[in-house]
2 protein chains.
Amino acid sequence: MLNAAERKEKIIEILKEKKAVKILSLSKMLKVTRETIRKDLYELEKEGLIKKIHGGAVLDLPNQESDYERRKTKNLEAKRAIAKEAAKHVEDGDIIYLDYGTTTYLLAEELLKLKNITVVTNTIPIVNLLLRSDSVNLVILGGMVRKNEDSLYGPFASNNIKNIYVDIGFFGCGGIDSFSGITNHHIGETEISKEMMSHCQNKIILADHSKFGTTAFNQTATFSDVDIIITDKDIDEEIKSEILKHNVEVVIAKGASGGEENDD
Amino acid sequence: MLNAAERKEKIIEILKEKKAVKILSLSKMLKVTRETIRKDLYELEKEGLIKKIHGGAVLDLPNQESDYERRKTKNLEAKRAIAKEAAKHVEDGDIIYLDYGTTTYLLAEELLKLKNITVVTNTIPIVNLLLRSDSVNLVILGGMVRKNEDSLYGPFASNNIKNIYVDIGFFGCGGIDSFSGITNHHIGETEISKEMMSHCQNKIILADHSKFGTTAFNQTATFSDVDIIITDKDIDEEIKSEILKHNVEVVIAKGASGGEENDD
DNA sequence: TATTTTTCTTTGCAATTGCTAATATACTGA
DNA sequence: TCAGTATATTAGCAATTGCAAAGAAAAATA
């Protein structure tokens, strides 16, 4: 009927629809014995396409993770605590901007529960997350796609920013220091962030403890440009006093612990 | 240690990382017995979060399919044949526009093999598809998200179109008729398509046989506006002669068969 | 504190699955 | 056609898992 290669293709096809298949049901579907299927699965596993489980198999396609997706899991607890704290500042009906970064993604997860908010963003994973929500209006600034970072930047976005104003802007960052202020790595993204800053009524910075005392390449804002900084641990006194000098509120989100790496 | 609810959360968390877990390993990880885990899994399955398999479980998150994703599988063979034919018109180095619709998505799949092309689009699934390609530059027009259709439209996109010109534009459609020309359903999307038409050097319409003889709400273009129409079957003589009158090339893509439903 | 309820563990056995090696069948090339 | 090779089946047994029911522990309630 089918040769080994066809059978394996069929197995992959079946696995793509169902999450998992039993060897026995495969053997019935493809009309070969248990042992033949087992051999097929063994080979498919060696090829890295599936993963064998007791009595069957599940798909294990090589899902190319972007750098962005990898970063999302770093300092997760701290970021989630910050996101939960940030979410408290959003009310039903608000129009908000979610900047680049992984912490803003976690904030988007929290916002799923709110009703009738409008989210402006240029981060593709945030778009995909909010796409299936009935209660969130979504607006995308547009622009050139930055591969591996899943973000948009450039003149398309700049043009659109000129015409809009939002209630709150939530900004991630690459570094915060008393000397350099709030900095980020990518010049194109930084440009968009800067422009959005002047179109947000309130500006809130989300920065886990690993960001303090470090400086990235491009300045997004000085302390006097922002209203609130949310972090997860008490921060260095020198930086803190510098921040407070500029009338910025510093909020420590509760419920995080551990983690040291600076990733953004 | 952990109560039932915490345990279940943990199980989901573990499942999100690994594709599948064995009951035995869960029982060791969470330090409860096999039977306890089995009960947890039974309940998680009832909640629809996982699927039990022999000896373990796999994740089964409710992946809400959009209308767009559902439509993608209709008339698939015809659309894929059209997409393959359309791909022949694209050369390395081209800058192209991919309009709304599911046929343009299939074209994007074909284009993955090409090098150094730039794709302008406003269809989110196309963005997600091309995001992981190293060889395709991606530009997004931006705009308001149309939920369930995974597309963007509105003034943000319009503003950006004013400044760009592309080599080829590939357009899907809702209907083609001798009386109404090329029509589409959504007024916002149609507006964007129309504007893009006048910024493409070549305009190619992708329309499977089900679109001919039907009319949607908004006119995107007259026949004299377009250069090529690619379809999958010989089309009605009356419509054909009307199309040819306007100096439009009609291409029949080979390799498709069957399917009748009009979906877009 | 005693009692009830809920949650988790233990136990024993049937059913299913994994594994190995031997056998049968289908395909290939001289 | 016939050996030689690759592919699929069969078979037997050990190991794992599923299931149901009873017992133990923990938590809630009075």
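Letters go in sequence order (proteins before strands), and every chain restarts at 1.
- Considering every non-hydrogen atom in both B:K240 and B:I235, the closest pair reads CB-CG1, 4.0 Å.
- Checked against D:dA8, C:dT17, D:dT17, the side chain of A:R34 finds its nearest nucleotide in C:dT17.
- A:I53 comes within contact range of the sugar-phosphate backbone alone, with a heavy-atom separation under 4.0 Å but no base atom that close.
- The separation between B:E6 atom CD and C:dT7 atom C1' is 14 Å, rounded to whole Å.
- Of the listed nucleotides (D:dT17, D:dT10, C:dC19), D:dT17 has the atom at the smallest distance from the side chain of B:L24.
- If you check every strand for non-hydrogen atoms under 4.0 Å, B:L41 touches nothing.
- Summarising the geometry, the separation between CD on A:E35 and P on C:dT20 is reported as 10 Å, rounded to the nearest angstrom.
- Atom-to-atom, CG of B:L26 to C1' of C:dC8 comes out at 16 Å; the value is rounded to the nearest Å.
- At whole-Å resolution of the value, NZ in A:K28 and P in C:dT17 are 9 Å apart.
- Between the CG atom of A:L30 and the C1' atom of D:dT7 there is a distance of 15 Å, given to the nearest Å.
- When the nucleotides C:dT17, C:dT10, D:dA8 are ranked by their closest atom to the side chain of A:R7, D:dA8 comes out on top.
- For the residue pair A:D99 and A:S193, a side-chain donor N or O sits within less than 3.5 Å of a side-chain acceptor on the partner.
- Dashed line: the shortest gap from a side-chain N or O of B:K39 to OP1 or OP2 of C:dT7 is not under 4.0 Å.
- The side chain of A:H54 has D:dT16 as its nearest neighbour among D:dA8, D:dT16, C:dT9.
- Within the 4.5 Å cutoff, the side chain of B:V32 has heavy atoms near those of the B:R7 side chain.
- Side-chain atoms of A:N75 and A:D208 form a donor-acceptor pair, as typed in the model, at a separation below 3.5 Å.
- Look at NZ on A:K52: it is 15 Å from P on D:dT16, rounded to the nearest Å.
- When the nucleotides C:dC19, C:dG18, D:dC19 are ranked by their closest atom to the side chain of B:R38, D:dC19 comes out on top.
- Closest to the side chain of A:K22, from the set C:dT17, C:dC8, D:dC19, is C:dT17.
- At the phosphate of C:dC8, neither OP1 nor OP2 sits under 4.0 Å from any side-chain N or O atom of B:T33.
- Rounding to whole angstrom units, CD1 of residue B:I37 and P of D:dT17 are separated by 13 Å.
- Note that B:K52 lies outside the cation-pi zone of B:Y42, set by a 6.0 Å cut-off to the ring centre and a 45° limit from the axis.
- D:dA8 atom C1' lies 14 Å from atom NZ of A:K8, rounded to whole Å.
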